[in-house]
Protein chains: 2
Amino acid sequence: MPELANPRAERVKAVRALAGRSVRQRTGRFLVEGPQSVREAVRFAAGQVRDVYLTEAAAQRYDEIVRDAQAAGLPVRLGTPEVLEAMSADAQGVVAVLERRPTTLDELFRGAPRLVAVLANVRDPGNAGTVIRAADAAGADAVVLAGESVDPLNPKAVRSTAGSLFHLPVVAGVALAPTLERLRAEGLLVLAADGSGEHDLDDLQDAAAGGAPAGVPDLRTPTAWLFGNEAWGLLPTDRELADAAVRVPIRGRAESLNLATAATVCLYASSRAQR
Amino acid sequence: MPELANPRAERVKAVRALAGRSVRQRTGRFLVEGPQSVREAVRFAAGQVRDVYLTEAAAQRYDEIVRDAQAAGLPVRLGTPEVLEAMSADAQGVVAVLERRPTTLDELFRGAPRLVAVLANVRDPGNAGTVIRAADAAGADAVVLAGESVDPLNPKAVRSTAGSLFHLPVVAGVALAPTLERLRAEGLLVLAADGSGEHDLDDLQDAAAGGAPAGVPDLRTPTAWLFGNEAWGLLPTDRELADAAVRVPIRGRAESLNLATAATVCLYASSRAQR
């Protein structure tokens with residue numbers, strides 16, 4: 001019999017309430033939904049995991065999650081499908097509650113990062129999460145959500161990272177200007193991704209490959225990419241904080257790429273040049 | 001006074017009903033929502049536009065849409081905010097009704113395409129639309145939605161293209177195997193994007209830049225990229241229809257990129273090699 005059978009129990013409501021930002025801030029906890037994200041949380045952030053909840057069917061299907069959690073000494077609790085559904089509508093029978101453990105810029109720099117993505121005022125949780133996932137895939141060392149950016153522990157943001165939230169340091173809630181100053185002080189080139197940037201990414205890639213137009217930023221240098229809001233891009237005052245602004249070439253008639261696809265192209269160009 | 005003031009009028013209901021696939025198929029029309037998409041429809045597909053609807057505020061704010069529509073002899077109708085809201089909840093006061101004019105593979109090949117994106121069984125309209133937008137930005141010549149892929153005239157798909165639906169030919173409702181056969185017969189290399197592909201995209205890019213590991217597909221060749229479903233990727237039987245399978249390198253711990261970001265990296269790699 002599952003331990004948890006009452007979808008209206010206080011414990012269940014407390015898990016569901018973590019969807020709200022104010023509850024996350026008050027309790028210092030957040031919600032991780034779905035087998036992919038929970039698997040990565042248990043593997044890479046076991047020290048933050050307070051509880052893992054599964055339906056019996058999910059515990060069988062994703063038995064590696066149960067094994068990894070038990071091996072890490074984490075409490076694994078079975079609930080009825082109604083209980084899991086009450087905790088989250090997007091969990092496919094698997095939920096975990098984690099403690100927030102904010103990463104500081106100091107911690108980030110201890111790793112001597114060579115590729116960092118900085119989001120300025122990115123508001124949509126799905127976009128922020130997708131950029132974190134793409135940054136992980138491209139081999140970036142960290143992601144920073146600056147200015148008025150969304151909370152990366154928002155459930156939709158967490159889901160969109162597909163587990164990457166637990167793979168690399170994600171710093172949130174910092175002001176943009178001092179963050180960029182610090183990045184520069186640590187030796188990183190700061191490049192703003194901007195549709196009307198003065199440099200074409202193709203030229204930077206050509207230069208990095210040795211076919212070089214002179215006078216363009218060197219992609220092989222440790223780099224922080226600055227990405228702006230999904231709707232209005234970078235404010236001019238924010239763009240000016242960068243060392244240079246770079247546009248992804250638009251070869252067709254599209255006005256622009258969306259945030260996540262543009263960020264992916266820039267980050268992959270850097271990680272390829274830095275190989 | 002706006003011409004249309006009754007949100008319950010038959011005309012208004014008929015516009016809203018185009019959100020449904022069966023209505024689109026019965027009427028041969030579809031809905032375009034929002035200033036960006038309507039602007040591009042009026043500019044690039046005026047022959048398909050039946051009606052443009054705006055609120056008075058939107059007609060002032062987006063006066064270039066009204067000007068372009070009138071210059072093309074298209075009917076522009078003003079409606080109250082309630083009428084536009086009843087037509088679409090996502091229109092920011094601007095809606096157009098267009099006639100479907102399906103593009104055939106024959107028409108596509110008349111343009112001698114050098115870069116084509118083929119989606120196999122992509123189900124999510126937002127993903128399909130984002131790939132169409134990225135394909136346009138990368139300079140692809142066409143997009144083909146094959147197999148059980150979503151209808152690209154689904155309103156969410158149209159919105160996600162941000163107008164790119166009207167910039168390049170989009171072929172839908174075709175079977176995958178004969179489409180790939182045809183692409184190959186027309187001289188295109190067919191590359192499957194697949195996380196476990198036998199080739200690394202980096203190697204193809206190195207080869208195209210002349211730094212060449214031998215024996216990898218030539219990215220400078222006219223190419224059709226095959227992308228699979230957002231959740232389960234390409235079925236093995238579909239992957240086998242390609243000339244080769246190529247993986248986007250994952251440099252971090254992410255399991256994969258999402259569909260749209262992976263497609264963007266592949267298409268940009270091709271268009272860069274084909275410069």
Side-chain angles (χ1 to χ4, degrees), chain A residues 36-37 39-40 43-44 115 126-127 129-143 160-168 195 201-202 205-206 208-211 231 248-272 274-275, chain B residues 36 39-40 43-44 115 126-127 129-143 160-168 195 200-202 205-206 208-211 231 248-272 274-275:
Chain A
Q36 165 95 352
S37 290
R39 181 188 303 118
E40 301 305 293
R43 281 196 194 152
F44 291 99
L115 183 56
N127 285 336
T130 303
V131 174
I132 292 170
R133 178 178 176 185
D136 180 18
D141 300 298
V143 177
S160 301
T161 72
S164 290
L165 181 64
F166 309 110
H167 294 163
L168 77 177
L201 184 63
D202 264 335
Q205 290 182 279
D206 289 344
V248 175
I250 301 292
R251 306 192 213 276
R253 290 165 175 161
E255 199 181 285
S256 63
L257 287 163
N258 77 8
L259 168 65
T261 51
T264 307
V265 170
C266 293
L267 293 168
Y268 263 90
S270 277
S271 63
R272 189 171 146 74
Q274 291 183 356
R275 278 181 307 169
Chain B
Q36 164 95 351
R39 181 189 302 118
E40 300 306 292
R43 281 196 193 151
F44 292 99
L115 183 56
N127 285 335
T130 303
V131 174
I132 292 171
R133 178 178 176 184
D136 180 18
D141 300 299
V143 177
S160 301
T161 73
S164 289
L165 182 65
F166 309 110
H167 295 162
L168 77 176
D200 187 308
L201 184 63
D202 264 334
Q205 292 183 278
D206 289 343
V248 175
I250 301 291
R251 306 192 213 275
R253 290 167 177 160
E255 198 181 287
S256 63
L257 286 163
N258 78 7
L259 168 65
T261 51
T264 306
V265 170
C266 293
L267 293 168
Y268 263 90
S270 277
S271 64
R272 188 170 147 76
Q274 291 182 355
R275 279 181 308 170

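In the text below, chain A, chain B and the rest are named by the order of the sequence lines, each starting its count at 1. Given the structure is predicted, the values throughout are model-derived calculations rather than measurements.
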> At their closest point, which heavy atom of B:Phe166 faces which heavy atom of A:Arg253, and how far apart are they?
Replying inline: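 Closest heavy-atom pair between B:Phe166 and A:Arg253: O-NH1, 4.5 Å.
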Quick one: [atom1] on [X] to [atom2] on [Y], what's the gap to the nearest 0.5 Å?
{"X": "A:Asn258", "Y": "B:Thr161", "atom1": "CG", "atom2": "OG1", "result": "11.5 Å"}
{"X": "B:Gln274", "Y": "A:Arg251", "atom1": "CD", "atom2": "CZ", "result": "9.5 Å"}
{"X": "B:Leu201", "Y": "A:Arg272", "atom1": "CG", "atom2": "CZ", "result": "7.5 Å"}

Under 4.5 Å heavy-atom distance to chain A, tell me which part of [X] shows up: side chain, backbone, both or neither.
{"X": "B:Ser256", "answer": "both"}
{"X": "B:Thr261", "answer": "both"}
{"X": "B:Ser271", "answer": "both"}
{"X": "B:Ala137", "answer": "both"}

> Just wondering, do A:Glu255 and B:Gln36 contact through their side chains at under 4.5 Å, heavy atoms?
Replying inline: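 They are in contact (side-chain heavy atoms under 4.5 Å apart), so the answer is yes.
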> Does the side chain of A:Asp202 come within less than 4.5 Å of B:Arg275's, by heavy atoms?
Replying inline: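 Yes, close enough: below the 4.5 Å cut-off.
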> Relative to chain B, which segment of A:Ala162 carries a heavy atom at a distance below 4.5 Å: side chain, backbone, both, or neither?
Replying inline: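 Neither; nothing under 4.5 Å.
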> So which of B:Ala260, B:Gly163, B:Pro249, B:Ala269 has the biggest tally of heavy-atom pairs under 4.5 Å with chain A?
Replying inline: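 If we count pairs closer than 4.5 Å to chain A, B:Pro249 comes out on top.
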